[in-house]
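Written out below as structure tokens is the structure these notes cover.
Note that these values count all heavy atoms, side chains included, but never hydrogens, waters or copies made by symmetry. First the proteins, then the strands, lettered A, B, ... as listed; each starts at 1.
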Protein chains: 2
Amino acid sequence: MRSYGQYCAVAKALDVVGDRWTLLIVRELLARGACRYTDLRDGLPGIATNLLVDRLRELEQAGILSREAAPPPIATTLFQLTVRGQELRLVVEELARWGTSYLDDPGAGDAFRGRWLVLPLQLRLRDRQPDLPPVTIEVRAGDDPLLLEVGGGAVGIRQGSVPDPDAMLTGAPQLVFGVLTGRLRLADARAAGLQYVGDPEVLRRVQPEPLRAEADGHQVATPK
Amino acid sequence: MRSYGQYCAVAKALDVVGDRWTLLIVRELLARGACRYTDLRDGLPGIATNLLVDRLRELEQAGILSREAAPPPIATTLFQLTVRGQELRLVVEELARWGTSYLDDPGAGDAFRGRWLVLPLQLRLRDRQPDLPPVTIEVRAGDDPLLLEVGGGAVGIRQGSVPDPDAMLTGAPQLVFGVLTGRLRLADARAAGLQYVGDPEVLRRVQPEPLRAEADGHQVATPK
DNA sequence: CGGCATCCTCTTTGATACTG
DNA sequence: CAGTATCAAAGAGGATGCCG
């Protein structure tokens, strides 16, 4: 990337990670840990292979990630974040927090991977009935299933599954996300193709309080 | 910008603010509030005028900023962030936090504006002698002077000046920043062209603890 | 299969000059 | 002051080929 040539911390940061695709590569490495080239390519649908190679080299150059031959059993190279790269976690999380509201749009045709919802769901879901026994919810929206472990006032979210979840949500990511965050009513989502198996109370336990009013997106900030 | 086409909060955020120059425009509006076109151009040295126009239109489109005719005395349009745009503050701040370490490099020839140091200095400076009476330090490193108001355990930093500061630092931004953060010794910075007027104790009052060892930039993160 | 390299087209950018 | 217009260079995207 061409440098902005500004003695400014934001500009210097963007000199390093401001290129197209760069922060999404960091997202993948943050979410999955050490990855093979093909894992990264799968986690970055739409990237051209030459671009992925270029970015990986630039990030290695910049000390954000390192490339290592995997230990004997595996015959491949692994890419993983350095300490400096891990320090980007808060940057990526703040971007995710800010971008989460766009997940409420339909956004049909988008590529999807289950792990992309881990952060947005963690930001919005709560265990609203901490005194009830724990429950698990399985979400099947894309590639690998996502598991919500609800109990003791907290909601844990990770990729995986358990033998007998208390509820199971299956369908398009937008429907799943809309129902879990309470923006869509279960009946409407069902009409749109979502499948839900289990007690609807399980769902209500994690949904956040309904918002009172949509903020006006073009509202002007009051000065000061 | 071409969309990443991913149902992911980070990708959606970057669809909106991932373009080159976009977050730097937001930086300027966050730091200065409502701006005229020429203010922005001055705060974004290196941007092509057509790009600035393009970005402003895209950001207006996206509901990040609004364009308004200024009230009667002034005959110009003002650009200011919407509420949605202000919500980018944490994103920009985290980028600044992460990028601050690059300010320790020489980086000669970079453009500079005083307000760009407000955040990085706030992150590093402390009032280490809260019981002493307050002091002010004036910093002349670029366009407008920067004022450090030190007292009661806190350091306030803003653009401006006072009639009789307790200390005055004048010189290249890299030298000023290096001395204030304690990375450069005053004598060395003076030899490199920095001017300092005032009691050196005033300087020591705000400098952070010296770091014990540089982190290895290419160190690999320990898994888990 | 994993990990690229090359070629080609299309879009974005950067630099500069010009205008109401 | 607040932009347009123009044009060359760089970068992104897509297809395909290569090699252990």
For this session: For the residue pair B/Leu40 and B/Arg32, establish whether any side-chain heavy-atom pair is separated by less than 4.5 Å.
Result: no

Problem set entry | Check: B/Arg190 main-chain N/O paired with B/Gln195 side-chain donor or acceptor under 3.5 Å | no

Exercise. Excluding sequence neighbours, so at least two apart, what forms side-chain contact (heavy atoms from CB on, under 4.5 Å) with A/Glu138?
Worked result: A/Arg140, A/Pro145, A/Ser161, A/Pro165, A/Met168

Seminar exercise, completed: Here the residues of residues 25-42 of chain B within 4.0 Å heavy-atom distance, strictly under, of DNA chain D are B/Arg36, B/Tyr37, B/Thr38

Exercise. Got A/Gln6 and B/Leu24 here, is their nearest side-chain heavy-atom distance under 4.5 Å?
Worked result: yes

Problem set entry | Residues B/Arg97, A/Glu87: salt bridge by 4.0 Å N-O rule | no

Exercise. Does NZ or CZ of A/Arg84 fall inside the cone over B/Trp98's six-membered ring, less than 6.0 Å from its centre and within 45° of the axis?
Worked result: yes

For this session: Any ring pair (Phe, Tyr, Trp, His ring centres under 6.0 Å) involving residues 24-54 of chain A? Give me the pairs, sequence neighbours left out, ordered by first then second residue.
Result: none

Problem set entry | SB check A/Arg183 A/Asp105 (cutoff 4.0 Å) | no

Seminar exercise, completed: Footprint ends on DNA chain C, 5' to 3', for atoms under 4.0 angstrom from a heavy atom of chain A, come out as C/dG2 to C/dA15

Seminar exercise, completed: Reading nucleotides 10-20 of chain D from 5' to 3' and marking B where a protein heavy atom lies under 4.0 Å of the base, S where only the sugar-phosphate is that close, and - otherwise, the string is --SBB------

Seminar exercise, completed: Across all chains, not counting sequence neighbours, the side chain to side chain donor-acceptor pair (under 3.5 Å) partners of A/Arg67 are A/Glu60

Seminar exercise, completed: From the list B/Gln159, B/Arg115, B/Arg113, side-chain contact (heavy atoms from CB on, under 4.5 Å) with B/Leu146 holds only for B/Gln159

